[in-house]
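Below: one structure, written as structure tokens.
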Amino acid sequence: MSGKCDVCGKIPGFGHNVSHSNRKTNRMWRPNIQVKTLQLKGDTAPVRHNVCTQCMRTMVKDRV
């Protein structure tokens, strides 16, 4: 599964875990990517897209 949202382009964020002793170890914040069958602008038929859950929530609001 891709780590990038096809709608908003959200990608993993990088940073550090910081312990009490102030040691820093690498970590990632991954977006919650789900595979959904959607018909986006410019698509002729429904296609499977990698979409983050925040975009899915926004799409539900736009349809109402």
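Quick caveat: nothing in here was measured; it's all calculated off a predicted structure. Positions are given from 1 along the sequence.
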Val51 to Met59 - nearest heavy-atom pair and separation | CG1-CE, 3.6 Å
Does a side-chain heavy-atom distance below 4.5 Å link Leu38 with Arg48?
-> no
Gln54, CD: over 12 other non-hydrogen atoms inside 6.0 angstrom = no
What are the two closest non-hydrogen atoms of Val18 and Lys24, and how far apart are they?
-> CG2-CG, 4.0 Å
What pairs with Thr37 under side chain to side chain donor-acceptor pair (under 3.5 Å), at least two apart in sequence or on another chain?
-> none
Rounded to the nearest 0.5 Å, how far does CD1 of Ile11 lie from CD1 of Ile33?
-> 10.5 Å
Are Pro12 and Pro31 close enough that some pair of their side-chain heavy atoms sits under 4.5 Å apart?
-> yes
Kindly check if the number of other-residue, nucleotide or ligand heavy atoms within 6.0 Å of CZ (Arg27) is above 12?
-> yes
Measure the CD-SG distance between Gln34 and Cys52 for me, rounded to the nearest 0.5 Å.
-> 10.0 Å
Residues which pass side chain to side chain donor-acceptor pair (under 3.5 Å) with Thr25, listed by chain and number, not counting sequence neighbours | none
Residue pair Lys36 / Met56, side-chain heavy-atom distance below 4.5 Å | yes
Hydrophobic side-chain clustering at under 4.5 Å (ILVMFWY, transitive links): who's grouped with Phe14? Put none if nobody.
-> Met28
Side-chain contact test, heavy atoms from C-beta onward, threshold under 4.5 Å: evaluate it for Arg23 versus Asn17 and give yes or no.
-> no
From Lys4 atom NZ to Asn50 atom CG, the distance as rounded to the nearest 0.5 Å = 11.0 Å
